[in-house]
Amino acid sequence: MDCLSLTRKSYPKYKNGFNLLKMGVILELPRRSTDQEDENKAVKSFSELLENSSLSKTAYIYYEVLFRQLMMCDEAKTGIRYDLDEPKAHFFCGKLDPQERIKRIESFLSSHRNKSVYAFNRLTFDKKDKVREISLDIKKALESVELIRERAESVIHEENIPFIDLKKEAEALHKRIVSQAKKKISRLNGGSAGFLALDENNRLTVNITQYEFFRHYCRIYYGLIEAHFALNNVNDNSDRNGCQAFIASKLNFEFGSHLGMTFNSELVRKRLDLRTKDSSHSLASKIKIIDSKFVECLIPGLS
């Protein structure tokens, strides 16, 4: 019997048969009036960054549409979905005239629920609450075992039945729960080894930098946007204007305090690891969701 099931509710499963952390959803955060001033400052600051990065606001939004489609497409195998974006990558793929691709992007944006703030809205993960549920699961299960242990000691003392080692049985149950919890965490981590773990006190810990999402994010976005930076002769080693630094700034803008950390170009560089053979680097060109003519069309003076 699953020890953790003694104290947990049934969790819903996704269509691929895996539940909880196996698939992630990126959520658009609604704007609250109390945050509007800070939000306006963040948007203004990010807009200025775009200008310094040779990306117009319009070009950035176009790239964001294609990026989200790449993140969600079957070839990427990320297990990620954006809650308000319908996955239809192949609608934008193929040998399309730049204006035709733009036309399709504009059509997509025109019916989007967040079209007025598309690509400029804060994001978060659906995993946040699910991690909390897992943590509570483990805590409740272990507390139940501790209660059994205390009652066992009381019964042994009051009834004088030393031949029944209930305390030993409780300790064995404790070990089984911890072992099962570790197996569940390992399975739920998927390719994100180290994302979730149990500490020495059997409390669930989260290392957001190890979440596989960020490796997919950095590699796919780099493969999409690198040509734009290259055509503008932007030095990628520049902490101010480089492609990797821009990805870090984009992550910080989108997720802000929800990450509990700040990205920089070095962290992005580690996620990229361009020395490894990974198709996510070339996914944009592989499925023909972008080409040189389209990139040039978005750069003033080149089109």
Side-chain angles (χ1 to χ4, degrees), residues 11-12 14 19-50 53 55 57-73 76 78-88 105 108-136 188 192 195-196 204 206-218 220-221 224-225 246-264 267-268 271:
Y11 294 115
Y14 291 98
N19 63 357
L20 296 175
L21 301 180
K22 197 63 178 180
M23 178 180 285
V25 179
I26 307 303
L27 308 173
E28 303 262 353
L29 289 175
R31 296 193 176 195
R32 297 176 297 185
S33 57
T34 53
D35 301 332
Q36 198 60 56
E37 185 176 349
D38 290 340
E39 192 71 17
N40 290 339
K41 288 180 180 178
V43 171
K44 181 181 179 182
S45 176
F46 190 67
S47 297
E48 291 173 353
L49 175 67
L50 289 178
S53 301
L55 275 167
K57 182 178 179 180
T58 298
Y60 170 69
I61 292 173
Y62 288 170
Y63 280 125
E64 182 63 16
V65 170
L66 301 181
F67 169 65
R68 294 187 185 187
Q69 291 300 322
L70 284 169
M71 286 288 284
M72 295 187 292
C73 72
T78 66
I80 293 292
R81 291 292 181 268
Y82 282 76
D83 66 328
L84 299 184
D85 286 65
E86 179 186 352
K88 51 193 305 184
I105 292 173
F108 175 84
L109 289 169
S110 66
S111 59
H112 197 277
R113 285 168 54 187
N114 268 5
K115 59 183 177 182
S116 63
V117 291
Y118 192 90
F120 286 90
N121 220 14
R122 295 306 183 96
L123 309 176
T124 190
F125 301 101
D126 71 329
K127 295 187 186 296
K128 208 171 180 183
D129 289 338
K130 293 172 183 176
V131 168
R132 191 179 298 114
E133 288 173 352
I134 294 174
S135 181
L136 188 61
L188 296 172
S192 304
F195 173 46
L196 300 177
L204 189 68
V206 182
N207 183 350
I208 195 68
T209 64
Q210 297 302 312
Y211 183 21
E212 189 74 351
F213 166 79
F214 294 113
R215 184 180 70 85
H216 290 305
Y217 188 108
C218 293
I220 290 175
Y221 198 80
L224 176 73
I225 204 76
F246 178 76
I247 295 173
S249 297
K250 183 178 186 293
L251 279 166
N252 292 330
F253 167 73
E254 288 181 330
F255 293 98
S257 60
H258 293 281
L259 291 181
M261 60 167 290
T262 301
F263 265 90
N264 55 38
L267 280 173
V268 171
R271 299 301 173 276

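Hydrogens, waters and symmetry mates play no part in the numbers below; they use all other heavy atoms, side chains included.
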- Message: Y221: which residues meet the ring-ring contact (aromatic ring centres under 6.0 Å, His included) condition with it, sequence neighbours left out?
- Response: F67

- How would you list, by chain and number, every residue that makes a side chain to side chain contact (heavy atoms under 4.5 Å, CB included) with D83, sequence neighbours excluded? V25, L27, E28

- Item | Test item: E254 and I26 side chains (from C-beta on) under 4.5 Å apart, heavy atoms | no

- Note on the structure: Sequence neighbours excluded, the answer for side chain to side chain contact (heavy atoms under 4.5 Å, CB included) partners of S45 is none

- Can you name the residues that form a ring-ring contact (aromatic ring centres under 6.0 Å, His included) with F263, not counting sequence neighbours? F214

- Query: side-chain hydrogen bond (donor to acceptor under 3.5 Å, both in side chains) with Y118: which residues, sequence neighbours excluded?
  - Reply: D85

- Task: For K115, enumerate each residue passing the side chain to side chain contact (heavy atoms under 4.5 Å, CB included) test, keeping only those at least two apart in sequence or located in another chain.
- Result: H112

- Partner of F213 by ring-ring contact (aromatic ring centres under 6.0 Å, His included), out of F195, F125, Y82: F125

- Message: Suppose we screen for salt bridge (Lys or Arg N to Asp or Glu O under 4.0 Å). Which residues come up paired with E64, at least two apart in sequence or across chains?
- Response: R68, K250

- Query: Would you call Y211 and Y217 a side-chain contact if the rule is heavy atoms closer than 4.5 Å?
  - Reply: no

- Sub-4.5 Å side-chain heavy-atom contact between L251 and C218: yes

- Item | Counterpart residues, side-chain hydrogen bond (donor to acceptor under 3.5 Å, both in side chains), relative to Y63 (two or more places apart) | H228

- Query: Between I220 and A76, what is the shortest heavy-atom contact and its length?
  - Reply: CD1-CB, 4.1 Å

- Message: Between R271 (side chain only) and H216 (backbone N and O only), is there a donor and an acceptor less than 3.5 Å apart?
- Response: no

- Which residues share a side chain to side chain contact (heavy atoms under 4.5 Å, CB included) with T262, sequence neighbours left out: N252

